There are 2 protein chains.
Amino acid sequence: MSQLFRDHLEAVSPLTDKEFEYILSHFRFKKLKKHAYLVQEDEYVKYEYFVLKGCLRAFVGDGDTGKEFIFQFGVEDWWITDREAFFQGSKASINISCLEDCELLGITLTDREKLGEELWKYEHFMQVKANLGYISLQKRLQMMIIGNAKDRYEQFIRQYPHLINRIPKTYIASYLGVSRETLSRLYKD
Amino acid sequence: MSQLFRDHLEAVSPLTDKEFEYILSHFRFKKLKKHAYLVQEDEYVKYEYFVLKGCLRAFVGDGDTGKEFIFQFGVEDWWITDREAFFQGSKASINISCLEDCELLGITLTDREKLGEELWKYEHFMQVKANLGYISLQKRLQMMIIGNAKDRYEQFIRQYPHLINRIPKTYIASYLGVSRETLSRLYKD
DNA sequence: AAAACAAAGTGACAATTGTCCTTTGGACGG
DNA sequence: CCGTCCAAAGGACAATTGTCACTTTGTTTT
């Protein structure tokens, strides 16, 4: 079950069995049902999570207009949390909820830092992952600004073909920053 | 002159004189005149740069429409490069050019990795910086999607008051993802 | 199987922003 | 000191997308 996690870590640097067991011992397993919240606005964020199974959405709700914007989906093999709140020990400004039943591995900031100090490979892993994350966010930003609604949707299909029929269109629209109606009109032809 | 750089590194972890000298010895000093290119599309990106002095813009030009979008400005105390090309050893997909005469410190990927292996503090520094970068990109993305042109401009003023009169409005418009004309209309009242 | 609910498609209209074009004013070089 | 260049402002109109209201389809519950 944690093989997925091990493969994920080893994509950056190979680990001995002992190292992997040691890393894993700092994580806590968590199960959540569909519609449950993993992170709620205004509450502290104690963990950063690796998704073993299921699908989640991280979103902000704009209080004034009632609009919602989805930052990120999390499916198997992805990390998810409110990074800002997690690192700064502040209250969450976003929500994360489950679109399906989920299984996660969570680590606290203290353990994360401890692991990084004890095991160079883990510090390195976090460095590499953060940089890859930055690169993909930058690509997304570029698409949001340069592309129109159609370009964005087409790119989404290309990038995440397996999510199209797994995630309700309403949420995909929100992720792409367009209204549900506009998205709906894009693929009628 | 390199005090700025030392302070920047020490904001994450304090360094001994020896450590700092060692880190600095891996960087190459570079001077560029206004309008010069630091990175050009389709060329390899050998360095990641820390800005000691001056101001740069990182942008993509959309070949078809002739539109330009500015990802990032770089001023004193900021890092700048085409991250994707730098890490993957691939050709740049963006351009970086100088809006003013500039002074930079550059490091190659090989030296960056070497430093990270030899000095845990440097690996840690990179990890922390990458995560902070991710957080600020995410905030920018949120603003781009939820906010209208006016919100975005007002947030820019709040966040970078010192850049408003340093950078031509055309470029600020491009950074905010609006046309120069629209931006122009926002602050007539 | 029927009722209740959530998701998706559609039409009409409004609002925001982009595009094109002209004008003004300041900076810089010969 | 004049001419050239470029940044910026603004008007007119078009295009894209959002909003609201309603219909249709599909899914879950009892």
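Throughout, a chain's letter reflects where its sequence line sits, starting with A, and its residues are numbered from 1. Note that the structure is a prediction, hence the values are computed from the model and not measured.
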- Of all the choices, dA8(C), dC20(C), dT10(C), which nucleotide is nearest to the side chain of Glu181(A) once you look at every atom? dT10(C)

- Query: Counting side-chain heavy atoms from CB outward, which of dG18(D), dG10(D), dA8(C) is closest to Thr182(A)?
  - Reply: dG18(D)

- Please state how far atom CD in Glu68(A) lies from atom P in dA7(C), giving the value in whole angstrom units. 11 Å

- Message: Measuring from the side chain of Lys169(A) (C-beta onward, heavy atoms only), which nucleotide among dA8(C), dT17(D), dA8(D) has the closest atom?
- Response: dA8(C)

- Hey, is the side chain of Arg185(B) pairing donor to acceptor with the base of dT19(C) inside 3.5 Å? yes

- Message: Just the rounded figure in Å: distance from P of dA7(D) to CZ of Arg166(B).
- Response: 18 Å

- Query: Starting at CD1 of Ile146(B) and ending at C1' of dT16(C), how long is that distance when rounded to a whole Å?
  - Reply: 17 Å

- Given atom CD1 of Ile145(B) and atom C1' of dT16(C), what is their separation to the nearest angstrom? 17 Å

- note: Leu186(A), atom CG; dA8(C), atom C1'; distance rounded to Å ~ 14 Å

- Item | Residue from Leu32(B), Leu38(B), Val45(B) passing side-chain contact (heavy atoms from CB on, under 4.5 Å) with Ile96(B) | Leu38(B)

- Please confirm whether Phe73(B) and Trp79(B) have ring centers closer than 6.0 angstrom. no

- Query: Starting at the 5' end of DNA chain D, which residue's closest nucleotide do you reach first, Arg180(A) or Asn148(A)?
  - Reply: Asn148(A)

- Item | Centroid-centroid distance, Phe86(B) to Tyr47(B), less than 6.0 Å | no

- Task: State yes or no: do Trp120(B) and Met126(A) share one hydrophobic cluster built from I, L, V, M, F, W and Y residues joined by side-chain heavy-atom distances below 4.5 Å, directly or via other members?
- Result: no

- Which one, dT17(C), dT19(C), dA8(D), comes nearest to the side chain of Pro168(B)? dA8(D)

- When rounded to whole Å, the OH to C1' distance for the pair Tyr171(B) and dA8(D) reads 14 Å

- Would you indicate what Thr170(A) reaches in the nucleic acid, counting non-hydrogen atoms under 4.0 angstrom: base, sugar-phosphate, or nothing? sugar-phosphate

- To the nearest angstrom, the CD1-P distance between Ile167(A) and dA8(C) comes to 11 Å

- Item | Ser184(A) vs dT10(C): side-chain N/O to OP1/OP2 distance below 4.0 Å | no

- Query: For Lys34(B) and dA7(D), what is the distance between atoms NZ and C1' respectively, to the nearest whole Å?
  - Reply: 12 Å

- Please check if the distance between the ring centroids of Phe71(A) and Tyr175(A) is under 6.0 Å. no

